[in-house]
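Notes to accompany the following structure.
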Amino acid sequence: MATCACSSDTAKSGGVDGGAEDSGGPAKPGFSAAAIADLHASHVDKYLGKASLSDTTMNDAGDTVYNFATSDGPICYLGDQYHAIVHDAGSDNLLIFLQGGGACWETLCMANSTAETTMVKTGILNQDASNNTVGSWNIVYAPYCDGSVFSGDNDMMSPDGKQMWHFHGLANLSAVLDVAKKSFPNPKRILLAGTSGGGYGTLTGTALVRLTYPNTQVDVFNDAGLGLSNLMDPNMLATVKRDWKFDQFLPSSCSDCAAVQTALIGWGLGADPTLRVSGFSSYGDGIIGGVFLGLMPADFKQLLMTETDKVHQAFPTRFERFFIDGTQHTVLLGATGTGVGYDTEVSGVSVDEWLKKMLNGDAGWVDQLQGMDGG
């Protein structure tokens, strides 16, 4: 577990306008001064406010597309232009969504290489509020094409020597947050959600969102990107660190973050007493566990439970898990009625219902671990 200036939970956070309570009354949203100083010292904010726009366009769905100049940071890993998409629903609330799409490093490269200019309208992005707890919210959509799960900051030649790889994930995410701040400067509350590579992106993204919106209530939904790495193959993580150079941005007060990034979740929870984090995974995730980590399902499950247990035990009312049997990868964008999407249930509770409980500070927002404790 992260060894930051962290304290464990005392109570559920309040509802839409509430915060975690301690003996001094309701806590106010925001990172501690020590956490903010640590982040500044790591220079994780080096690209905030720096990106330049080439222009804006409108896509077929009527959403605004912000197109970034490739000369100053935001760029897809093979050199294509990067974009951000804004859906203005006239809401007081903001969903910041980080798309998934693989990863790339020297020994394994399977990742999106172009940034989409439209977003799907399913699952958590379904703009029908009758089928989606956040269906009426404003959306800032971060396409994924950096190959480095929104955290990289390096340029390197591909192993075959034929092209340059631009792992500009940190610059891309920072540019998206610049757009968010410009478009929605004072949201009442924010949900940061990401799926797969975007789930991993929420680990760094939580800090960047907090630096962008210092006093706004922030909640997080990490869908199948819980920061796990194969502890039996330390060379893999060493290669990723060398290729992406993401580890330079880890807060120094999180001593465990260099080994397993799951510890970043705990670091954030310790830094902000109102932060709440939901995590989804299947016990045998065939993409994260099988393809990218090279683990058998049983080994992935053991790793998943061991590392997330550390966070849950430290923050039992502010980090909750929705884990299911099987090898399914993600859940947030699955269409209702498919059986593997937003309406997936454990113990009669769907993902959408569970998310609503988190956002409302409901005491019923608890671990939903299929096959455990009768779930």
Side-chain angles (χ1 to χ4, degrees), residues 44-88 94-105 109-121 125 138-158 160-184 192-202 204-205 208-209 212 225 243-246 249 333:
V44 72
D45 56 345
K46 65 185 286 187
Y47 293 114
L48 288 175
K50 301 295 177 60
S52 299
L53 285 172
S54 63
D55 62 356
T56 60
T57 53
M58 194 78 71
N59 65 23
D60 290 342
D63 298 327
T64 303
V65 181
Y66 289 77
N67 308 299
F68 296 100
T70 58
S71 59
D72 62 353
I75 194 172
C76 296
Y77 85 97
L78 294 185
D80 283 3
Q81 187 177 40
Y82 190 63
H83 317 279
I85 305 171
V86 171
H87 171 74
D88 189 343
L94 173 61
L95 168 63
I96 300 173
F97 187 83
L98 311 186
Q99 184 192 18
C104 183
W105 59 86
C109 191
M110 300 173 61
N112 291 349
S113 61
T114 58
E116 296 179 357
T117 56
T118 59
M119 57 181 162
V120 300
K121 305 290 186 178
L125 297 177
N138 299 326
I139 302 171
V140 173
Y141 183 89
Y144 178 64
C145 64
D146 62 78
S148 59
V149 300
F150 293 99
S151 64
D153 189 37
N154 189 36
D155 296 295
M156 63 173 282
M157 186 63 67
S158 62
D160 61 11
K162 294 182 178 180
Q163 58 191 168
M164 187 67 70
W165 285 350
H166 307 281
F167 295 129
H168 287 206
L170 185 68
N172 291 4
L173 180 54
S174 299
V176 170
L177 293 178
D178 288 347
V179 166
K181 186 66 172 179
K182 177 181 178 180
S183 302
F184 309 109
L192 171 65
T195 186
S196 190
Y200 276 84
T202 66
T204 300
L208 287 177
V209 168
T212 304
D243 291 356
W244 297 354
K245 299 191 183 304
F246 73 88
F249 304 117
L333 296 183

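Atoms considered below: every heavy atom in the structure, side chains included; atoms not considered: hydrogens, waters and symmetry mates.
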Separation of Gln99 CD from Ile85 CD1 (nearest 0.5 Å) | 8.0 Å

Could you walk me through whether Phe68 and Asn172 pass side-chain contact (heavy atoms from CB on, under 4.5 Å), step by step?
-> CA-CA 9 Å; Phe68 296 100; Asn172 291 4; over 6 Å; no

Side chain to side chain, Thr70 and His166, heavy atoms closer than 4.5 Å | no

With side chains defined as the heavy atoms from C-beta onward, is the minimum distance between Lys46 and Leu170 less than 4.5 Å?
-> yes

Specify the closest pair of heavy atoms between Ser174 and Leu208, including all atoms of both residues, with the distance to one decimal.
-> OG-CD1, 4.0 Å

Interatomic distance, NZ@Lys245 vs CG@Asp155, rounded to 0.5 Å, equals 10.5 Å

Quick one: pull up CG in Leu98 and OH in Tyr200 and give me the separation to the nearest 0.5 Å.
-> 14.5 Å

Classify the ring geometry between Trp105 and Trp244 as parallel (under 30°), tilted (30 to 60°) or perpendicular (over 60°).
-> perpendicular

Could you pull out all residues at least two apart from Thr114 that satisfy side-chain contact (heavy atoms from CB on, under 4.5 Å)?
-> Asp80

So, do Thr118 and Asp63 sit near enough that their side-chain heavy atoms are less than 4.5 Å apart?
-> no

Within 6.0 angstrom of Met164 CE, more than 12 heavy atoms from elsewhere | yes

side-chain contact (heavy atoms from CB on, under 4.5 Å) evaluation trace for Leu177 with Val209 = CA-CA 7 Å; Leu177 293 178; Val209 168; 3.9 Å; yes

ring-ring contact (aromatic ring centres under 6.0 Å, His included) with Phe246: which residues, sequence neighbours excluded?
-> none

Aromatic ring proximity Phe150/Tyr144, centre distance under 6.0 Å | yes

Taking all non-hydrogen atoms of both residues, which atom of Ala115 and which atom of Cys76 are closest, and how far apart?
-> N-SG, 3.6 Å

What do you reckon, is CG of Asp60 surrounded by more than 12 foreign heavy atoms closer than 6.0 Å?
-> no

Nearest 0.5 Å please: distance from the OH atom of Tyr141 over to the CG atom of Leu125.
-> 6.5 Å

Are any of the side-chain heavy atoms of Lys50 and Asp72 separated by less than 4.5 Å?
-> no

Is a donor on one side and an acceptor on the other found under 3.5 Å between the side chain of Lys162 and the backbone of Ser158?
-> no

Side chain proximity check, Tyr47 to Asp178, heavy atoms < 4.5 angstrom | no

Is there side-chain contact between Val149 and Thr204, with heavy atoms separated by less than 4.5 Å?
-> no

Of all residues at least two apart in sequence or in a different chain, which pass the side-chain contact (heavy atoms from CB on, under 4.5 Å) check with Ala111?
-> Tyr77, Cys104

Quick one: does Asn138's side chain have a donor or acceptor within less than 3.5 Å of a partner on Leu94's backbone?
-> no

What are the two closest heavy atoms between Thr202 and Gly194, and how far apart are they?
-> CG2-N, 3.7 Å

Please round to the nearest 0.5 Å and tell me the distance separating atom CZ of Phe97 and atom CG of Leu192.
-> 10.0 Å

Residue among Cys145, Pro74, Ser54 satisfying side chain to side chain contact (heavy atoms under 4.5 Å, CB included) with Gln81 | Ser54

Counting N and O atoms only, with roles assigned by atom type, does the side chain of Asp146 sit under 3.5 Å from a partner on the main chain of Ile75, one being a donor and the other an acceptor?
-> no

For Ala193 and Leu95, work out which heavy atoms get closest and say how close.
-> CB-CD1, 4.0 Å

One should read off an interatomic distance between Tyr66 OH and Thr57 OG1, to the nearest 0.5 angstrom, of 10.5 Å

Under 3.5 Å donor-acceptor, His168 side chain and Gly73 backbone = yes

